[in-house]
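The figures here come from the full heavy-atom set of this structure, side chains too, leaving out hydrogens, waters and symmetry mates. Being a predicted model, the structure only gives us computed values, none of them experimental. Each chain gets a letter, A, B and so on, in the order the sequences are listed, and its residues count up from 1.
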Protein chains: 2
Amino acid sequence: MPPKTKTPEQRSALQQLILDAARELFVARGIEAVSMREIAKRVGYSPTTLYLYFQDKQHLLQTLCDHDFLTLAHELRALEQEDNPLAQIKALCQSYSRYAQLYPNQYRLMFMTPKFNISKDTTTLRHGNPEQDAYAYLLAMVESAHQQQVFRPEAGDSNLIAQTLWAGIHGVCSLQIIFAEDDWLDWQAYEARVHLMQQTLLAGLLKPA
Amino acid sequence: MPPKTKTPEQRSALQQLILDAARELFVARGIEAVSMREIAKRVGYSPTTLYLYFQDKQHLLQTLCDHDFLTLAHELRALEQEDNPLAQIKALCQSYSRYAQLYPNQYRLMFMTPKFNISKDTTTLRHGNPEQDAYAYLLAMVESAHQQQVFRPEAGDSNLIAQTLWAGIHGVCSLQIIFAEDDWLDWQAYEARVHLMQQTLLAGLLKPA
DNA sequence: ACTTTTTACTTTACATCGTTAAGTTAACGG
DNA sequence: CCGTTAACTTAACGATGTAAAGTAAAAAGT
């Protein structure tokens, strides 16, 4: 008993339903627990129907991932806009690490899972736009700080600095996600590690006082 | 045509053969490409035979992983022993990042893949022993530097410092592995990012000159 | 008004995966 | 010579992603 023809709104509504079901599954039990069949069961359709709305599993996950990139960018921009760019960078580190702790599965999908697909076909809107691209936002902050010549000259250009800041915080976050349960090394508190990393990065990049 | 009884040496020889076949597969094509059936085909046995030598796939991978932890620890210790502990730390960063670049699949398995098993049953030998545990080695270096009071007092104890150093370099390495192909941000050269990270971490942790 | 095409979906099916149960066959212990 | 055991295989189960082939109702064409 297939129903009548669908309006574009109805089509994208079902697409969103599928995405919601997929997210619900993988935030709860991790990426590897998501199966097309189980998503289908949740939305009440047969498994093959999903392939009318997404090319394959990889593209479905990529769509989820793209959406989370936007969410993260928005969350990071929701900070109180401190006037000082350095204070902004500190707040950014704080928010970023909080996001990783709150949504470890999303974080894993976004930043710790290899992607085997192309970049052209999906949303290319966000790249470089600070509204939609968290890295572009960070880069803008670094550049605005750079103009005030606060960084050591040997640190290099804004891109290199931004990438180093990102890598530093990402290192703390990703190790936390992988090794939080492990007890073979006595982990300091997550917040303490984030804080020291942020302090260290800035102290190491800025000109000595 | 099953052969005669096996000596313990022959048993562990076959176990090693299985491990070698598994490694060959996953260094070449990544962890997700490794299947028990294909490993079995490589060693010339039926798939079920592998289960006589390993509890399941997870344990087989864990054994590979354990071996790589040892290898890494050995490679890091193979550095020329600089007398200066700070020079040692620099060399350690260099070797560590080189390892990640040379063996990205091993690195992913070791440091970027969640483990769903217990820690008790596998080799618990290495933990804390600088000969076998790369983190313990790093920690020893940091402690030896700490005794010379080179670190800023606000940096905290040796464990926190070691974890921050590790996280910083790991951040650069893991982002490289995941996003090396991506072009939506213009990556600086890997070596440049490693170098700036190392410089930044030390400059931020050490007392100002 | 009747036929044809298209849309939305399902059923069936295939290949592959990890893993278990049930053989099979050769060597060994009695 | 017979029974047990060690080493391994074949067959099979349930799950996975996904393609091919239906099915039925609405839309389009005449």
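- Here D/dA7 presents its P atom at 10 Å from CG of B/Leu14, a figure rounded to the nearest Å.
- You'll find that the side chain of B/Pro47 is closest to C/dT19, out of C/dA8, D/dC8, C/dT19.
- Atom pair B/Lys41:NZ and D/dT9:P shows a separation of 14 Å (rounding to whole Å applied).
- Taking the six-membered ring for Trp and thresholds of 30 and 60 degrees, B/Phe151 and B/His146 have ring planes more than 60 degrees apart, a perpendicular arrangement.
- B/Tyr107 has its ring centre less than 6.0 Å from the ring centre of B/His170.
- Nucleic acid contact class of A/Ser35 (heavy atoms, under 4.0 Å, all strands): sugar-phosphate only.
- A close approach under 4.0 Å does occur between a side-chain nitrogen or oxygen of A/Thr5 and OP1 or OP2 of D/dA27.
- One finds no salt bridge joining A/Asp20 and A/Arg42 here, because no Lys/Arg side-chain nitrogen approaches an Asp/Glu carboxylate oxygen to under 4.0 Å.
- Nearest nucleotide to the side chain of A/Tyr45, out of C/dT19, D/dT10, C/dC9: C/dC9.
- Separating the CD atom of A/Glu38 from the P atom of D/dT16 is a distance of 7 Å, rounded to the nearest angstrom.
- A/Leu25 places its CG atom 11 Å from the P atom of D/dT16, with the value rounded to the nearest Å.
- Rounded to an integer number of Å, the gap from B/Leu50 CG to D/dA7 P is 16 Å.
- In this model, the phosphate group of D/dA7 is not approached by any side-chain N or O of B/Lys6 to a distance below 4.0 Å at OP1 or OP2.
- In this structure, the OH atom of A/Tyr51 is 6 Å from the P atom of D/dG17, given to the nearest Å.
- At a cut-off of 3.5 angstrom, the base of C/dT10 holds no donor-acceptor pair with the side chain of A/Thr49.
- Spacing between atom CD1 of A/Ile39 and atom P of D/dT16 amounts to 11 Å, rounded to whole angstrom units.
- Remark: C1' of D/dG17 and CZ of A/Phe54 are 16 Å apart, rounded to the nearest angstrom.
- Panel note: side chain A/Thr113, backbone A/Arg108; a donor-acceptor pair is recorded below 3.5 Å.
- Between A/Tyr96 and A/Phe111, the two ring planes are tilted [angle within 30° to 60°].
- Contact annotation for A/Tyr53: backbone-only contact, meaning every heavy-atom pair under 4.0 Å involves sugar-phosphate atoms and none involves a base.
- Listed nucleotides C/dT19, C/dC9, C/dT10 differ in distance to A/Thr48; the shortest reach to its side chain belongs to C/dT10.
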